[in-house]
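In what follows, a structure is listed as C-alpha coordinates, so that the remarks can point back to it.
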Amino acid sequence: MTGRTRTLVYFVAVSLDGFIAGPDGDFSMFPVEGDHIDMLVRDYPDTLPGTALDALGVTAHNDVFDTVVMGWNTYAVGLPHGRASPYPHLRQYVFSRTHAKHDGHADVQVTADDPVALARQLKADDSSAHIWLCGGGRLASTLLPEIDRLVLKVNPVLIGNGIKLFEHGTSEPPRWTLHASVAYGSGVVVNDYARSGHAP
Ligand SMILES: NC(=O)c1ccc[n+]([C@@H]2O[C@H](COP(=O)([O-])OP(=O)(O)OC[C@H]3O[C@@H](n4cnc5c(N)ncnc54)[C@H](OP(=O)(O)O)[C@@H]3O)[C@@H](O)[C@H]2O)c1
(Lines give C-alpha, C1' and ligand atoms only; values in the text may rest on other atoms or scores of the structure.)
Protein backbone atom coordinates (compact mmCIF):
# COMPACT_ATOMS: atom_id res chain seq x y z
CA MET A 1 0.00 0.00 0.00
CA THR A 2 2.94 2.34 -0.47
CA GLY A 3 2.57 5.22 -2.88
CA ARG A 4 3.36 8.85 -3.45
CA THR A 5 0.13 10.15 -1.97
CA ARG A 6 0.01 9.90 1.79
CA THR A 7 -3.44 8.78 2.84
CA LEU A 8 -5.49 8.16 5.96
CA VAL A 9 -6.55 4.52 6.08
CA TYR A 10 -9.19 3.16 8.46
CA PHE A 11 -7.84 -0.39 8.81
CA VAL A 12 -10.07 -2.21 11.21
CA ALA A 13 -11.68 -5.51 12.16
CA VAL A 14 -15.47 -5.49 11.94
CA SER A 15 -18.28 -7.99 12.46
CA LEU A 16 -20.78 -8.98 9.78
CA ASP A 17 -23.24 -6.56 11.36
CA GLY A 18 -20.89 -3.58 11.40
CA PHE A 19 -19.50 -3.53 14.95
CA ILE A 20 -15.83 -3.18 15.85
CA ALA A 21 -16.40 -4.35 19.44
CA GLY A 22 -19.15 -5.37 21.80
CA PRO A 23 -20.89 -2.89 24.13
CA ASP A 24 -18.14 -3.24 26.76
CA GLY A 25 -15.35 -2.81 24.20
CA ASP A 26 -14.66 -6.53 24.00
CA PHE A 27 -13.49 -7.78 20.61
CA SER A 28 -12.28 -11.22 21.65
CA MET A 29 -14.95 -12.76 19.39
CA PHE A 30 -12.76 -11.93 16.38
CA PRO A 31 -10.59 -14.96 15.53
CA VAL A 32 -6.90 -14.38 16.24
CA GLU A 33 -5.68 -17.49 14.46
CA GLY A 34 -5.93 -18.51 10.85
CA ASP A 35 -4.62 -17.57 7.45
CA HIS A 36 -5.82 -13.97 7.69
CA ILE A 37 -3.47 -13.55 10.65
CA ASP A 38 -0.64 -14.99 8.54
CA MET A 39 -1.46 -12.30 5.97
CA LEU A 40 -1.42 -9.55 8.61
CA VAL A 41 1.97 -10.67 9.89
CA ARG A 42 3.31 -10.82 6.33
CA ASP A 43 1.72 -7.75 4.74
CA TYR A 44 0.76 -5.44 7.63
CA PRO A 45 3.30 -5.98 10.43
CA ASP A 46 3.11 -2.22 11.05
CA THR A 47 -0.38 -2.78 12.50
CA LEU A 48 0.74 -5.35 15.06
CA PRO A 49 1.33 -4.24 18.65
CA GLY A 50 4.94 -4.13 19.75
CA THR A 51 4.32 -7.03 22.13
CA ALA A 52 3.07 -9.19 19.23
CA LEU A 53 6.03 -8.25 17.03
CA ASP A 54 8.38 -9.23 19.83
CA ALA A 55 6.57 -12.52 20.46
CA LEU A 56 6.62 -13.40 16.77
CA GLY A 57 10.17 -12.23 16.17
CA VAL A 58 8.86 -9.97 13.40
CA THR A 59 10.14 -6.50 12.52
CA ALA A 60 7.84 -3.70 11.41
CA HIS A 61 9.28 -1.81 8.46
CA ASN A 62 6.91 1.16 8.60
CA ASP A 63 6.61 1.05 4.83
CA VAL A 64 2.83 0.65 4.91
CA PHE A 65 2.12 2.85 7.93
CA ASP A 66 4.47 5.09 9.88
CA THR A 67 1.83 6.84 12.00
CA VAL A 68 -1.21 5.68 13.97
CA VAL A 69 -4.10 7.78 15.27
CA MET A 70 -6.47 6.52 17.98
CA GLY A 71 -9.30 7.75 20.13
CA TRP A 72 -8.69 7.63 23.86
CA ASN A 73 -11.01 4.65 24.36
CA THR A 74 -9.04 2.60 21.86
CA TYR A 75 -5.75 3.56 23.48
CA ALA A 76 -7.16 2.83 26.95
CA VAL A 77 -7.81 -0.84 26.06
CA GLY A 78 -4.12 -1.63 26.53
CA LEU A 79 -3.48 0.40 29.68
CA PRO A 80 -4.58 -2.23 32.25
CA HIS A 81 -2.23 -4.65 30.49
CA GLY A 82 0.76 -2.33 30.70
CA ARG A 83 0.58 -1.39 27.02
CA ALA A 84 0.92 2.39 27.30
CA SER A 85 2.91 2.51 24.07
CA PRO A 86 1.07 -0.11 22.01
CA TYR A 87 2.76 0.61 18.67
CA PRO A 88 6.27 1.82 19.58
CA HIS A 89 7.45 1.46 15.96
CA LEU A 90 4.91 4.09 14.81
CA ARG A 91 4.34 7.75 15.58
CA GLN A 92 1.36 7.48 17.94
CA TYR A 93 -1.34 10.14 18.35
CA VAL A 94 -4.19 9.72 20.82
CA PHE A 95 -7.11 12.14 20.79
CA SER A 96 -8.66 13.20 24.07
CA ARG A 97 -10.20 16.32 25.50
CA THR A 98 -10.08 14.99 29.06
CA HIS A 99 -6.65 13.40 29.32
CA ALA A 100 -3.34 15.20 29.26
CA LYS A 101 0.02 14.33 27.85
CA HIS A 102 1.17 12.86 31.19
CA ASP A 103 -1.72 10.34 31.09
CA GLY A 104 -0.01 8.54 28.23
CA HIS A 105 3.45 7.16 27.54
CA ALA A 106 6.37 9.39 26.58
CA ASP A 107 6.18 7.92 23.05
CA VAL A 108 2.50 8.82 22.70
CA GLN A 109 1.17 12.25 21.77
CA VAL A 110 -2.08 12.80 23.66
CA THR A 111 -3.77 15.72 21.97
CA ALA A 112 -7.00 17.69 22.08
CA ASP A 113 -6.27 19.19 18.67
CA ASP A 114 -8.92 18.97 15.99
CA PRO A 115 -8.45 15.48 14.46
CA VAL A 116 -9.32 16.69 10.97
CA ALA A 117 -6.74 19.48 11.10
CA LEU A 118 -4.08 17.13 12.48
CA ALA A 119 -4.86 14.50 9.82
CA ARG A 120 -4.38 17.13 7.11
CA GLN A 121 -1.12 18.18 8.70
CA LEU A 122 0.12 14.58 8.89
CA LYS A 123 -0.83 13.94 5.26
CA ALA A 124 1.40 16.85 4.26
CA ASP A 125 4.45 15.19 5.85
CA ASP A 126 7.14 14.08 3.45
CA SER A 127 6.64 10.33 3.67
CA SER A 128 5.45 7.61 1.31
CA ALA A 129 4.01 5.56 4.16
CA HIS A 130 0.42 6.06 5.22
CA ILE A 131 -1.45 7.05 8.36
CA TRP A 132 -3.38 4.32 10.13
CA LEU A 133 -6.67 5.19 11.75
CA CYS A 134 -6.82 2.37 14.31
CA GLY A 135 -10.20 3.38 15.74
CA GLY A 136 -12.54 3.60 17.36
CA GLY A 137 -15.95 4.38 16.01
CA ARG A 138 -16.21 7.83 17.58
CA LEU A 139 -12.91 9.10 16.26
CA ALA A 140 -13.64 7.51 12.86
CA SER A 141 -16.89 9.50 12.65
CA THR A 142 -14.99 12.74 13.20
CA LEU A 143 -12.27 11.79 10.74
CA LEU A 144 -14.59 10.44 8.06
CA PRO A 145 -14.11 13.44 5.73
CA GLU A 146 -10.36 12.75 5.73
CA ILE A 147 -10.51 8.95 5.33
CA ASP A 148 -9.14 7.99 1.92
CA ARG A 149 -9.29 4.22 2.25
CA LEU A 150 -11.30 1.73 4.22
CA VAL A 151 -9.70 -1.66 4.77
CA LEU A 152 -12.31 -3.77 6.50
CA LYS A 153 -11.34 -7.13 7.97
CA VAL A 154 -14.84 -8.57 7.99
CA ASN A 155 -15.07 -11.33 10.60
CA PRO A 156 -17.64 -14.13 10.33
CA VAL A 157 -19.40 -13.23 13.57
CA LEU A 158 -22.50 -11.30 14.57
CA ILE A 159 -22.16 -9.08 17.64
CA GLY A 160 -25.67 -7.68 17.83
CA ASN A 161 -24.83 -4.38 19.45
CA GLY A 162 -21.79 -2.50 20.57
CA ILE A 163 -19.35 -0.04 19.07
CA LYS A 164 -20.16 0.75 15.49
CA LEU A 165 -17.64 1.13 12.68
CA PHE A 166 -18.75 4.77 12.60
CA GLU A 167 -20.42 5.77 15.81
CA HIS A 168 -22.36 8.70 14.40
CA GLY A 169 -24.40 9.03 11.26
CA THR A 170 -23.01 10.86 8.30
CA SER A 171 -24.44 13.17 5.70
CA GLU A 172 -21.56 12.32 3.36
CA PRO A 173 -22.43 10.70 0.04
CA PRO A 174 -21.55 7.07 0.93
CA ARG A 175 -19.71 6.16 -2.25
CA TRP A 176 -16.67 3.92 -1.98
CA THR A 177 -15.02 1.86 -4.70
CA LEU A 178 -13.96 -1.71 -3.96
CA HIS A 179 -10.40 -2.25 -5.18
CA ALA A 180 -9.66 -5.64 -3.67
CA SER A 181 -11.49 -8.34 -1.77
CA VAL A 182 -9.70 -11.41 -0.47
CA ALA A 183 -11.46 -14.27 1.31
CA TYR A 184 -9.43 -16.33 3.75
CA GLY A 185 -9.97 -19.91 4.82
CA SER A 186 -10.58 -18.61 8.34
CA GLY A 187 -13.79 -17.01 7.09
CA VAL A 188 -12.41 -13.47 7.30
CA VAL A 189 -12.83 -11.35 4.15
CA VAL A 190 -10.61 -8.31 3.72
CA ASN A 191 -12.27 -5.62 1.63
CA ASP A 192 -10.15 -2.70 0.46
CA TYR A 193 -12.13 0.36 -0.56
CA ALA A 194 -11.06 3.80 -1.75
CA ARG A 195 -13.19 6.86 -1.59
CA SER A 196 -14.80 7.07 -5.04
CA GLY A 197 -12.77 9.26 -7.32
CA HIS A 198 -9.51 8.51 -5.46
CA ALA A 199 -6.84 6.27 -6.93
CA PRO A 200 -6.19 3.15 -4.84
N1 LIG B 1 -12.07 -4.08 15.88
C2 LIG B 1 -11.01 -3.28 15.81
O3 LIG B 1 -10.12 -3.44 14.95
C4 LIG B 1 -10.92 -2.13 16.78
C5 LIG B 1 -9.97 -1.13 16.55
C6 LIG B 1 -9.92 -0.07 17.43
C7 LIG B 1 -10.78 0.01 18.50
N8 LIG B 1 -11.68 -0.98 18.69
C9 LIG B 1 -12.64 -0.91 19.82
O10 LIG B 1 -13.25 0.36 19.79
C11 LIG B 1 -13.49 0.77 21.13
C12 LIG B 1 -13.33 2.26 21.24
O13 LIG B 1 -14.16 2.94 20.31
P14 LIG B 1 -15.01 4.21 20.75
O15 LIG B 1 -15.82 4.62 19.56
O16 LIG B 1 -15.71 3.91 22.02
O17 LIG B 1 -13.91 5.29 21.14
P18 LIG B 1 -12.65 5.96 20.41
O19 LIG B 1 -13.04 6.59 19.13
O20 LIG B 1 -11.49 5.03 20.44
O21 LIG B 1 -12.33 7.08 21.51
C22 LIG B 1 -13.30 8.06 21.82
C23 LIG B 1 -12.61 9.12 22.64
O24 LIG B 1 -11.59 9.75 21.86
C25 LIG B 1 -11.58 11.13 22.16
N26 LIG B 1 -12.01 11.86 20.97
C27 LIG B 1 -12.86 11.47 19.99
N28 LIG B 1 -13.05 12.48 19.12
C29 LIG B 1 -12.30 13.50 19.57
C30 LIG B 1 -12.09 14.81 19.09
N31 LIG B 1 -12.71 15.29 18.01
N32 LIG B 1 -11.22 15.60 19.77
C33 LIG B 1 -10.61 15.17 20.87
N34 LIG B 1 -10.80 13.92 21.38
C35 LIG B 1 -11.64 13.12 20.72
C36 LIG B 1 -12.55 11.34 23.29
O37 LIG B 1 -11.82 11.12 24.49
P38 LIG B 1 -12.11 11.95 25.83
O39 LIG B 1 -13.47 11.48 26.29
O40 LIG B 1 -11.00 11.58 26.74
O41 LIG B 1 -12.11 13.40 25.44
C42 LIG B 1 -13.55 10.23 23.08
O43 LIG B 1 -14.26 9.89 24.23
C44 LIG B 1 -12.51 0.02 22.00
O45 LIG B 1 -13.22 -0.57 23.05
C46 LIG B 1 -11.90 -1.03 21.14
O47 LIG B 1 -12.19 -2.29 21.67
C48 LIG B 1 -11.77 -2.04 17.87
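Order of listing sets the numbers, starting from 1, for every ligand and every atom in it.
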Contact atoms of ligand 1, heavy-atom distance to [X] under 4.0 Å:
X     : result
His99 : 40 (O)
Phe27 : 47 (O)
Phe30 : 1 (N)

What do you reckon, does [X] have a nitrogen or oxygen under 3.5 Å from a nitrogen or oxygen of ligand 1?
X      : result
Pro115 : no
Trp72  : yes
Leu139 : yes
Val14  : no
Ser96  : yes
Glu167 : no
Gly25  : yes
Thr74  : yes
Ala140 : no
Val12  : no

Worked check of salt bridge (Lys or Arg N to Asp or Glu O under 4.0 Å) between Asp66 and Arg6: CA-CA 10 Å; Asp66 64 6; Arg6 186 160 156 83; 2.9 Å; yes

Which segment of [X] sits under 4.0 Å of ligand 1 when only heavy atoms are counted:
X      : answer
Phe95  : both
Ile163 : side chain
Tyr75  : neither
Ala21  : side chain

In terms of hydrophobic clustering (I, L, V, M, F, W, Y; side-chain heavy atoms under 4.5 Å; direct or indirect links), are [X] and [Y] co-clustered?
X      : Y      : result
Leu40  : Val32  : no
Leu178 : Val189 : no
Val77  : Val108 : no
Tyr87  : Leu53  : yes

Residue, atom name and distance, where the atom is the protein heavy atom closest to [atom]:
atom                    : value
atom 5 (C) of ligand 1  : Cys134 O, 3.1 Å
atom 16 (O) of ligand 1 : Asn73 ND2, 3.1 Å
atom 10 (O) of ligand 1 : Ile20 CD1, 3.5 Å
atom 44 (C) of ligand 1 : Val77 CG2, 3.8 Å
atom 39 (O) of ligand 1 : Thr98 OG1, 3.9 Å
atom 33 (C) of ligand 1 : Arg97 CG, 3.5 Å
atom 13 (O) of ligand 1 : Gly136 CA, 3.4 Å
atom 3 (O) of ligand 1  : Ala13 N, 3.0 Å

Residue pair Ser15 / Asn155, side-chain donor-acceptor N/O under 3.5 Å: no

Option set Arg138, Lys153, His168, criterion heavy-atom distance to atom 42 (C) of ligand 1, minimum: Arg138

Contact check, Met70 vs ligand 1, heavy-atom distance below 4.0 Å: no

Test item, Phe11 contacting ligand 1 (heavy atom, 4.0 angstrom): no

Counting C-beta onward and ignoring hydrogens, is there a side-chain heavy-atom pair between [X] and [Y] closer than 4.5 Å?
X      : Y      : result
Val69  : Pro115 : no
His36  : Pro31  : yes
Phe65  : Leu133 : no
Leu143 : Leu8   : yes
Asp148 : Thr5   : no
Pro86  : Met70  : yes

Side-chain donor/acceptor of Asp17 to backbone N/O of Leu158, under 3.5 Å: no

Pair Phe166 + Tyr10: ring centers closer than 6.0 Å: yes

Parallel, tilted or perpendicular: rings of Tyr44 and Phe11 (30°, 60°): tilted

Nearest-0.5 Å distance, OG of residue Ser186 to NZ of residue Lys153: 11.5 Å

